[in-house]
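Note sheet for the following structure.
Because the structure is predicted, anything quoted here is derived from the model rather than measured.
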Amino acid sequence: MILYPAIDLKDGQCVRLLRGEMEAATVFNDDPAAQARAFQDAGCEWIHLVDLNGAFAGEPVNGAAVEAILAAIDVPAQLGGGIRDMATIEGWIEKGLSRVILGTVAVENPDLVREAARAFPGKVAVGIDARNGRVATKGWAEETDVMVTDLAKSFEDAGVAAIIYTDINRDGAMQGPNVEATAALARAVSIPVIASGGVSSLADLIALRDCGASLNGAISGRALYDGAIDLRDALAAL
């Protein structure tokens, strides 16, 4: 299971939100590229990036910070937030991004996800963010009636590289991930699932590792910055 350290970008800085609220942002580093290098130097195999402003704007906003990160690291990186058309997908992959994460468009324009997955095999993931089992879009600001498992199953034949499942109510709250819901999703689909939201201790990572479903990985942010998870211990455990 891969540990994906998260770098959430707001106004060019590395921040963490509480339950997706932009007003509840804590700045952890004003040099995201240096933070990405530190994660790589500690042994991380991937870096998880989110353009928070972009998720709300519907287009890339923290592009300069992302490009600086890509220039600073050798390990692969994945990015979500504001990626909603083919030109943006192509642009990021050309700039060296290893994987784009499509969230809002997975609900609103699933054909784009399929087209992108065909055009860029292994480089397109679907981000499914949910409250109480229902998918939320546009930076988590809008809730839908779409159920998580239904959306995931709809991409079974699309060739997407992974599903990144976030329980919004757990995100940044340091209350542990929704292991049960994540495991249920992983068992329901053949697409690799990455857990996100609430991973706040080594015990949380081990619970996900041992949940009885084969998870591709887990994303953690605040706990790594706060020191609640020792990165080297976590990498050794996984």
Side-chain angles (χ1 to χ4, degrees), residues 1-9 14 16 28-29 31-51 62 65-81 83 89 92-103 117 120-128 159-166 171 177 179 182-183 185-186 189-211 213-238:
M1 198 170 87
I2 298 167
L3 177 63
Y4 294 80
I7 296 179
D8 289 3
L9 299 164
C14 176
R16 288 301 289 167
F28 283 101
N29 198 325
D31 187 346
Q35 184 64 65
R37 263 198 313 275
F39 283 142
Q40 172 181 285
D41 292 346
C44 292
E45 300 172 48
W46 274 83
I47 309 290
H48 174 76
L49 308 174
V50 182
D51 182 346
N62 287 286
V66 175
E67 289 182 42
I69 289 168
L70 294 177
I73 61 173
D74 300 313
V75 295
Q78 60 185 21
L79 170 70
I83 305 174
I89 294 166
W92 277 126
I93 290 173
E94 286 171 1
K95 287 174 180 174
L97 197 72
S98 295
R99 189 185 287 162
V100 296
I101 303 165
L102 305 180
F120 303 105
K123 293 183 178 290
V124 176
V126 171
I128 300 182
V160 299
I163 288 171
I164 296 159
Y165 171 63
T166 304
D171 191 71
V179 177
T182 305
L185 177 62
V189 294
S190 60
I191 306 165
V193 171
I194 299 169
S196 174
V199 177
S200 55
S201 68
L202 185 59
D204 290 338
L205 288 169
I206 291 169
L208 288 166
R209 184 194 71 188
D210 298 340
C211 70
S214 182
L215 298 180
N216 169 271
I219 294 166
S220 185
R222 180 177 292 272
L224 295 175
Y225 298 106
D226 284 349
I229 294 177
D230 180 276
L231 188 50
R232 293 180 191 279
D233 288 348
L235 292 169
L238 299 180

Beyond-backbone contact of [X] with [Y], side-chain heavy atoms, under 4.5 angstrom:
X: Leu79; Y: Val50; result: no
X: Ile69; Y: Ile7; result: yes
X: Ile163; Y: Leu185; result: yes
X: Ser98; Y: Trp46; result: yes
X: Val126; Y: Ile101; result: no
X: Ile128; Y: Ile164; result: no

Mind listing the closest non-hydrogen atom pair of [X] and [Y] along with its distance?
X: Leu70; Y: Ala77; result: CD2-CB, 4.0 Å
X: Asp204; Y: Pro177; result: CG-CD, 3.4 Å
X: Ala186; Y: Ala213; result: CB-CB, 3.7 Å
X: Ala237; Y: Leu202; result: CB-CD1, 3.9 Å

Can you give me every donor-acceptor pair (side chain of residues 222-231, partner residue at least two apart or in another chain, under 3.5 Å) with its distance?
{"unit_1": "Arg222", "atom_1": "NE", "unit_2": "Gly172", "atom_2": "O", "d": "3.3"}
{"unit_1": "Tyr225", "atom_1": "OH", "unit_2": "Ala6", "atom_2": "O", "d": "2.6"}
{"unit_1": "Asp230", "atom_1": "OD1", "unit_2": "Arg232", "atom_2": "N", "d": "3.1"}
{"unit_1": "Asp230", "atom_1": "OD1", "unit_2": "Asp233", "atom_2": "N", "d": "2.9"}

message: For a side-chain contact (heavy atoms from CB on, under 4.5 Å) check, start with the C-alpha distance between Leu102 and Val124, then their side-chain angles and the critical distance, and finish with the verdict.
response: CA-CA 7 Å; Leu102 305 180; Val124 176; 3.8 Å; yes
query: Within 45 degrees of the axis of the six-membered ring of Trp92 and under 6.0 Å from its centre: does Arg99 put its NZ or CZ there?
result: no
Euclidean distance, [Y] [atom2] relative to [X] [atom1], rounded to 0.5 Å:
X: Ser214; Y: Arg209; atom1: OG; atom2: CZ; value: 12.5 Å
X: Ser196; Y: His48; atom1: OG; atom2: NE2; value: 5.5 Å
X: Ile194; Y: Thr182; atom1: CD1; atom2: OG1; value: 11.5 Å
X: Leu49; Y: Gln78; atom1: CG; atom2: CD; value: 8.0 Å

Please list every donor-acceptor pair under 3.5 Å in which a side-chain atom of residues 33-43 meets a protein atom from a residue at least two apart or in another chain.
{"unit_1": "Gln35", "atom_1": "OE1", "unit_2": "Asn29", "atom_2": "ND2", "d": "3.2"}
{"unit_1": "Gln40", "atom_1": "OE1", "unit_2": "Asp74", "atom_2": "N", "d": "2.5"}
{"unit_1": "Gln40", "atom_1": "OE1", "unit_2": "Val75", "atom_2": "N", "d": "3.1"}

message: Go through it in stages, so that I can follow the logic: the residues are Met1 and Leu208, the test is side-chain contact (heavy atoms from CB on, under 4.5 Å), and I'd like the CA-CA distance, side-chain angles, deciding distance and then a yes or no.
response: CA-CA 9 Å; Met1 198 170 87; Leu208 288 166; 4.0 Å; yes
task: Tell me, with the steps shown, if Leu205 and Leu3 meet side-chain contact (heavy atoms from CB on, under 4.5 Å).
output: CA-CA 9 Å; Leu205 288 169; Leu3 177 63; 3.9 Å; yes
message: Has Asn216 got a side-chain atom pairing as donor or acceptor with Val193's backbone, closer than 3.5 angstrom?
response: no
